[in-house]
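Accompanying notes for the structure given below.
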Amino acid sequence: MPDLHTQAIATPATCDVAVIGAGISGLAVADHLTRAGAAVSVIEARGRVGGRLFGMKDNTALDLGATWFWEGERRTQDLVDRLRVGSFPQHLRGDTVVEDLNGVIRHRGNLVDMPAHRYAGGATSLADGLARTLPAESLHLGHAVDAVTIDGTSPKFDLEVSSSGRTWRARHVVLALPPALAVATIELPKLLPTQLCRTAAATPTWMAETVKVVAQYDEPFWRLEGLAGAGISRLGPLQEIHDMSGPDGEPAALFGFAHSSRLDPEPQVAILEQLVRMFGERAGRPARLAIQDWSREPWTARRAATASSDSMFGHPDLRRPAMAGRLHWSSTETAMTFPGHVEGALEAAERTADYICADLGIRRAT
């Protein structure tokens with residue numbers, strides 16, 4: 001008697017579209033297509049949705065990934081409104097602290113931040129909200145994709161997505177992850193042009209060399225001293241610092257960016273020493289200190305992948321579908337406008353969904 005469990009696993013699941021990656025762009029593609037009536041499977045290596053939209057454990061209001069959106073980013077604002085996520089303005093009031101070889105100098109006014117919006121529930125609330133709009137059976141977490149191949153038996157020129165013994169057969173496949181990561185970790189069809197793969201490999205991954213540090217405190221004490229929580233340092237390890245407190249200063253937090261190549265293996269001491277130099281003794285006693293090194297996230301960046309300049313963002317090769325219009329690149333790195341932002345990811349998703357809807361003969365929901 002055959003093993004029914006093995007037999008079930010070996011039989012490919014069929015769908016109109018297989019989306020690889022449950023970051024904000026992949027979820028947005030799936031949302032557009034699902035609302036238009038397409039059958040979609042979203043396949044994600046991590047055990048969570050959101051990708052680079054990620055917050056401190058037990059406190060999603062404090063972001064370790066994407067943090068802001070700005071005026072003019074209409075797709076993001078529309079999604080915030082639709083999902084009823086809510087937003088509040090970035091804190092700007094107060095003076096700036098600048099650290100260089102001459103010491104720490106206080107400058108009048110906020111010289112670092114610009115007007116921006118924060119997500120009331122943290123950026124992860126966008127991803128969680130989109131995931132809730134999808135049919136439960138369409139989301140497959142904890143499945144790292146191994147290969148995308150051509151289904152030679154299909155008269156429709158379908159593609160197959162393989163992951164640890166599971167297979168999805170689809171009319172369209174969407175690579176909703178950084179292009180350099182896709183070519184480094186997934187065996188793609190050999191018919192893909194060599195130049196296209198080179199372009200993908202040379203496209204930088206947004207945040208791939210970034211370390212984000214969040215220090216949470218009992219209160220935003222720097223505001224009481226007339227500081228904005230904004231800082232610039234020529235010494236580091238944090239190169240720039242911002243106020244990350246929630247609405248009305250609760251929860252209270254500062255956050256900063258560091259470059260992964262300039263951070264010690266055990267950076268906590270150096271980070272706290274810097275915060276004390278710039279913001280005083282209380283800054284050295286956070287209730288929690290979170291260090292998110294995106295260069296060490298295997299499902300965001302791979303060190304083996306080469307990258308060139310930001311001029312590769314929105315490259316025409318990555319905005320055009322490949323494999324006779326069946327294979328699509330959809331991540332923030334492929335956007336023409338606002339690459340690296342949530343807005344860029346949503347632009348890429350919109351472009352991809354429009355093309356697939358046209359091919360399937362359906363209309364994208366707005």
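On a predicted model such as this, the values are computed, not experimentally measured, just so you know. Along the sequence shown, residues carry numbers from 1.
Other residues, nucleotides and ligands place no more than 12 heavy atoms under 6.0 Å from the CZ atom of R93. More than 12 heavy-atom neighbours from other residues, nucleotides or ligands sit within 6.0 angstrom of CG on D100. Environment of CD in E225: crowded, with over 12 heavy atoms of neighbouring residues, nucleotides or ligands closer than 6.0 Å. Around atom CZ of R363, no more than 12 heavy atoms belonging to other residues, nucleotides or ligands sit under 6.0 Å away. The environment of CD in Q195 is crowded: more than 12 heavy-atom neighbours from other residues, nucleotides or ligands sit within 6.0 Å.
At least one donor-acceptor pair under 3.5 Å links the side chain of D63 to the backbone N or O of A123. Not one N or O on the side chain of T34 forms a donor-acceptor pair closer than 3.5 Å with the backbone of H32. At least one donor-acceptor pair closer than 3.5 Å links the side chain of E44 to the backbone N or O of R46. Under a 3.5 Å cut-off, the side chain of W206 and the backbone N or O of G340 do form a donor-acceptor pair. For the pair R48 (side chain) and G51 (backbone), a donor-acceptor distance under 3.5 Å is present. At least one donor-acceptor pair closer than 3.5 Å links the side chain of W294 to the backbone N or O of L64.
You'll find the side chain of W222 reaches within 4.5 Å of the side chain of S245, heavy atoms only. Looking only at side-chain heavy atoms (C-beta outward), H117 and Q90 stay at 4.5 Å or farther from each other. E71 has its side chain out of reach of Q77: every pair of non-hydrogen atoms, C-beta onward, lies at least 4.5 Å apart. In this structure, E160 and V148 have side chains that are not in contact, with every pair of non-hydrogen atoms separated by 4.5 Å or more. The shortest distance between side-chain heavy atoms of R82 and D31 falls below 4.5 Å. The shortest distance between side-chain heavy atoms of E219 and R282 falls below 4.5 Å. You'll find the side chain of L130 reaches within 4.5 Å of the side chain of L83, heavy atoms only. Considering only heavy atoms from C-beta on, P286 stays 4.5 Å or farther from Q216 through its side chain.
Defined by atom type and a distance below 3.5 Å, a donor-acceptor pair is missing between the side-chain atoms of E333 and H315. Using a 3.5 Å distance cut-off with no hydrogens or angles, the side chains of S261 and H259 do pair a donor with an acceptor. For the 3.5 Å distance criterion, the side chains of T334 and R351 qualify, holding a donor opposite an acceptor. Counted by atom type alone, S25 and S331 present zero donor-acceptor pairs between their side chains at under 3.5 Å. Side chains of D146 and S162: a donor-acceptor N/O pair is absent below 3.5 angstrom, by distance only. Checked by atom type, the side-chain pair T210/R52 shows no donor-acceptor distance below 3.5 Å.
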After noting the C-alpha distance and the side-chain angles of F69 and Y119, does the key distance pass the ring pair (Phe, Tyr, Trp, His ring centres under 6.0 Å) rule?
-> CA-CA 8 Å; F69 69 100; Y119 306 99; 5.1 Å; yes

Worked verdict on W68 versus H242 for ring pair (Phe, Tyr, Trp, His ring centres under 6.0 Å) = CA-CA 12 Å; W68 298 295; H242 310 265; 5.0 Å; yes

Check against side-chain contact (heavy atoms from CB on, under 4.5 Å), M323 and L188 | CA-CA 11 Å; M323 303 297 296; L188 296 173; over 6 Å; no

Could you walk me through whether S41 and S138 pass the side-chain contact (heavy atoms from CB on, under 4.5 Å) check?
-> CA-CA 5 Å; S41 293; S138 69; 5.6 Å; no

Go through the steps to decide whether T332 and E343 satisfy the test side-chain contact (heavy atoms from CB on, under 4.5 Å), and finish with yes or no.
-> CA-CA 8 Å; T332 190; E343 182 73 9; over 6 Å; no

Would D293 and K212 count as a salt bridge (charged side-chain N to carboxylate O under 4.0 Å, His left out) if you check the C-alpha gap in whole Å, the side-chain angles of each, and the deciding distance to 0.1 Å?
-> CA-CA 6 Å; D293 186 347; K212 189 166 181 179; over 6 Å; no

side-chain contact (heavy atoms from CB on, under 4.5 Å) assessment of H341 paired with W70 = CA-CA 10 Å; H341 296 196; W70 291 266; 3.5 Å; yes

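Using a 4.0 Å cut-off between charged nitrogen and carboxylate oxygen, D128 and R132 do not count as a salt-bridge pair. Ion pairing between R75 and E350 holds under the 4.0 Å rule for side-chain N and carboxylate O. Looking at R326 and D158, no side-chain N of the basic residue comes within less than 4.0 Å of a carboxylate O on the acidic one, giving no salt bridge. Taking 4.0 Å as the cut-off between side-chain N and carboxylate O, R84 and D81 do not count as a salt-bridged pair. Ion pairing between R108 and D95 fails under the 4.0 Å rule for side-chain N and carboxylate O.
Atom-to-atom distance recorded for L175:CG and I186:CD1 is 5.5 Å, nearest 0.5 angstrom. Considering CG of D248 and NE2 of H91, their distance stands at 11.5 Å, rounded to 0.5 Å. Rounding to the nearest 0.5 angstrom, the gap separating the CG atom in L33 from the CD1 atom in I362 is 6.0 Å. In this structure, OG1 on T352 lies 10.0 Å from CD on E347, to the nearest 0.5 angstrom. Atom CG of D113 and atom OG1 of T96 lie 7.5 Å apart (nearest 0.5 Å). For the atom pair L139 CG and L134 CG, the distance stands at 6.5 Å (nearest 0.5 Å).
For A258 against L263, the heavy-atom pair with the smallest separation is CB-CD1, 4.0 Å. Of all heavy-atom pairs between V80 and G86, the closest is CG1-N, 3.8 Å. Here the closest non-hydrogen pair linking I271 and P237 is CG1-CG, 3.8 Å. Across all non-hydrogen atoms, the minimal contact from V40 to A30 is CG1-CB, 3.9 Å. Scanning both residues, A22 and V42, for their nearest heavy atoms gives CB-CG1, 3.8 Å. Across all their heavy atoms, T199 and T203 have their closest contact at O-OG1, 2.8 Å.
Residues V173 and Y355 do not share a hydrophobic cluster, clusters being chains of Ile/Leu/Val/Met/Phe/Trp/Tyr side chains in contact below 4.5 Å. Tracing side-chain contacts under 4.5 Å through hydrophobic residues (I, L, V, M, F, W, Y), one never reaches I232 starting from V97; they form parts of separate clusters. Linking ILVMFWY residues whenever their side-chain heavy atoms come closer than 4.5 Å, directly or via other members, places L238 and F279 in the same cluster. L92 and V98 fall into different hydrophobic clusters, where Ile, Leu, Val, Met, Phe, Trp and Tyr side chains are chained together by heavy-atom contacts under 4.5 Å. Hydrophobic clustering of Ile, Leu, Val, Met, Phe, Trp and Tyr side chains at less than 4.5 Å, counting indirect connections, keeps I291 apart from M207.
The side chain to side chain contact (heavy atoms under 4.5 Å, CB included) test with I24 is passed by exactly one of T124, L79, V29, T76: L79.
Relative to the ring axis of Y217, R285 does not place its NZ or CZ within 45° and under 6.0 Å from the centre.
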